[in-house]
Amino acid sequence: MIVWLNGTHGAGKTTTSTLVQQLLPDSRVFDAEKVGETLMDIKPGLPGAGVDNFQHWPPWRPLVVDTARRVLDYTGGTLVVPMTVLVERYWHEISTGLARYDIPVRHFVLHADQDTLRRRIEGDTVLGPSAFRLRYLEPYAEAARTWLHGAAEVVDTTHLTPALAARRIARAVTG
C-alpha cells in the first residue's frame with residue numbers, strides 16, 4: 001500500500017510522513033522528490049529549458065510509479081510518500097500507474113489556511129524563507145478548489161501538530 005501525503009509547502013508533509021511511518025508497521029518513507037533530483041542532475045539537462053519543476057518532465061511520473069512498485073515488490077509493507085502534486089493530470093498518471101500494479105493508494109492532503117502556510121514557510125528555521133515555496137501557495141489554493149480536495153482525504157493541519165496529524169492518518173489507514 002501507499003500512503004500519499006499531498007499538500008503544498010508548509011503543510012507538514014515531511015515531518016508528518018516520518019511520524020506516520022513510525023506508527024504503521026512495516027512501512028518506509030519514499031521521498032519521490034529524490035527521483036526528480038536525479039533527473040535534475042542529468043547533464044546536459046533534459047529538454048524543456050526553463051522548467052522550474054521536475055514534475056513537468058514526462059519521465060518523472062512513470063519513474064515514481066516504477067520506483068514505488070519495485071520497492072514494494074522487494075520489501076512489501078507500506079510506502080509513505082510525502083510529495084506535492086498539484087496538477088490533476090499528473091496525479092491521474094501516478095494513481096492510475098500504481099493501480100495498474102494493483103497497489104492500493106490512500107491519498108491524504110495536508111491542508112492549512114494560506115496565512116498559516118505563509119507564516120510556516122517564512123519562519124522555517126531549517127530551510128529558511130523560500131520564494132520558491134511561497135510561489136506554490138496560489139497553485140495549491142486553485143488545486144484545492146478545483147480537484148485536489150475531492151480526490152483525497154483532507155487533514156486540516158492549521159491547528160494540528162504533526163504528531164496529531166500523523167495519528168489521525170495512521171488511524172484512518174489501519175481502521
Side-chain angles (χ1 to χ4, degrees), residues 1-39 53-55 59-113 116-117 120-121 123-127 133 136 140 143-144 147-175:
M1 166 187 278
I2 289 180
V3 176
W4 195 288
L5 303 185
N6 205 338
T8 195
H9 306 284
K13 295 180 306 298
T14 301
T15 303
T16 303
S17 67
T18 300
L19 297 169
V20 168
Q21 182 275 320
Q22 293 168 5
L23 295 170
L24 295 178
D26 196 25
S27 65
R28 292 167 174 74
V29 174
F30 166 45
D31 186 350
E33 189 163 330
K34 301 298 184 193
V35 174
E37 290 174 5
T38 297
L39 293 174
N53 183 333
F54 53 74
Q55 291 185 18
W60 181 76
R61 294 162 318 265
L63 283 170
V64 166
V65 169
D66 199 47
T67 303
R69 174 185 67 92
R70 290 179 182 276
V71 169
L72 286 171
D73 284 350
Y74 182 62
T75 65
T78 299
L79 287 182
V80 180
V81 183
M83 187 72 224
T84 301
V85 179
L86 300 180
V87 177
E88 184 175 15
R89 180 172 56 89
Y90 297 174
W91 176 250
H92 181 72
E93 287 179 42
I94 292 167
S95 61
T96 58
L98 293 167
R100 275 195 288 277
Y101 294 110
D102 296 320
I103 300 170
V105 177
R106 290 294 295 268
H107 183 201
F108 294 89
V109 170
L110 300 186
H111 172 80
D113 64 56
T116 299
L117 291 169
R120 288 177 183 171
I121 292 167
D124 191 320
T125 58
V126 175
L127 299 175
R133 295 169 75 207
Y136 283 90
Y140 167 73
W147 72 273
L148 184 57
H149 283 196
E153 300 170 61
V154 178
V155 177
D156 190 333
T157 68
T158 302
H159 302 292
L160 282 183
T161 65
L164 287 173
R167 282 199 290 271
R168 189 173 290 179
I169 291 164
R171 270 196 311 271
V173 169
T174 60

Legend entry - Min side-chain heavy-atom separation Asp31-Thr14 under 4.5 Å: no
Legend entry - Check: Ala172 main-chain N/O paired with Arg106 side-chain donor or acceptor under 3.5 Å: yes
Legend entry - Closest non-hydrogen atom pair between Asp26 and Gly76, with its separation: OD2-C, 4.1 Å
Inset, instruction - Kindly indicate whether the side chain of Leu110, heavy atoms from C-beta on, has any atom under 4.5 Å from the side chain of Ile169. - result: yes
Legend entry - NE2 (His149) with more than 12 external heavy atoms under 6.0 Å: yes
Inset, instruction - Any chance you could measure Thr75, atom OG1, to Arg70, atom CZ, to the nearest 0.5 Å? - result: 13.5 Å
Inset, instruction - Return the minimal non-hydrogen interatomic distance between Leu19 and Ala166, and the atom names on each side. - result: CB-CB, 3.5 Å
Legend entry - Approximate separation, where rounding is to 0.5 Å, of Asp156 CG and Arg168 CZ: 8.5 Å
Legend entry - Tyr101 versus Asp73, side-chain donor and acceptor atoms under 3.5 Å: no
Inset, instruction - Could you walk me through whether Val105 and Ser95 pass the side-chain contact (heavy atoms from CB on, under 4.5 Å) test, one step at a time? - result: CA-CA 7 Å; Val105 177; Ser95 61; 5.6 Å; no
Legend entry - Electrostatic pair Arg100-Asp102, nearest N-O below 4.0 angstrom: no
Legend entry - Thr84 side chain to Gly7 backbone, donor-acceptor under 3.5 Å: yes
Inset, instruction - To the nearest 0.5 angstrom, please state how far the CG atom of Leu98 sits from the CG atom of Asp66. - result: 10.0 Å
Legend entry - Student check: side-chain heavy atoms of Phe30 and Val64 closer than 4.5 Å: yes
Inset, instruction - Compare all side-chain heavy atoms of Asn53 with those of Tyr136 and state whether any distance is below 4.5 angstrom. - result: yes
Legend entry - Aromatic ring pairing Trp91/His107, orientation class (parallel under 30°, perpendicular over 60°, tilted between): parallel
Inset, instruction - Could you tell me which non-hydrogen atom of Pro162 sits nearest to which non-hydrogen atom of Thr15, and how far apart they are? - result: CB-CG2, 3.6 Å
Legend entry - From Thr116 atom OG1 to His111 atom NE2, the distance as rounded to the nearest 0.5 Å: 8.5 Å
Legend entry - Side chain proximity check, Asp124 to Arg133, heavy atoms < 4.5 angstrom: yes
Legend entry - Check: Gln55 main-chain N/O paired with Arg61 side-chain donor or acceptor under 3.5 Å: yes
Inset, instruction - Consider only side-chain N and O atoms of Thr157 and Arg120, and report whether a donor and an acceptor are under 3.5 Å apart. - result: yes
Legend entry - Spacing of Asn6 atom CG and Glu153 atom CD [to the nearest 0.5 Å]: 12.5 Å
Legend entry - Closest non-hydrogen atom pair between Ala143 and Leu86, with its separation: CB-O, 3.6 Å
Legend entry - Heavy-atom closest contact (Leu148 atom, Val85 atom, distance): CD1-O, 4.2 Å
Inset, instruction - Would you confirm whether the ring centroid of His9 sits within less than 6.0 angstrom of the ring centroid of Tyr140? - result: no
Legend entry - Expected output: side-chain Trp4 to main-chain Met83 donor-acceptor under 3.5 Å: yes
Legend entry - From Leu23 atom CG to Thr174 atom OG1, the distance as rounded to the nearest 0.5 Å: 9.0 Å
Inset, instruction - Taking all heavy atoms of Ala152 and all of Val109, pick out the closest pair and write down the distance. - result: CB-CG2, 3.4 Å
Legend entry - Partner residues of Tyr90 under the ring pair (Phe, Tyr, Trp, His ring centres under 6.0 Å) criterion, sequence neighbours left out: His56
Inset, instruction - Could you tell me whether the side chain of Glu33 reaches within less than 4.5 Å of the side chain of Glu37, counting heavy atoms only? - result: yes
Inset, instruction - Evaluate the side-chain proximity of Pro82 to Val29: yes if any heavy-atom separation is below 4.5 Å, no if none is. - result: yes
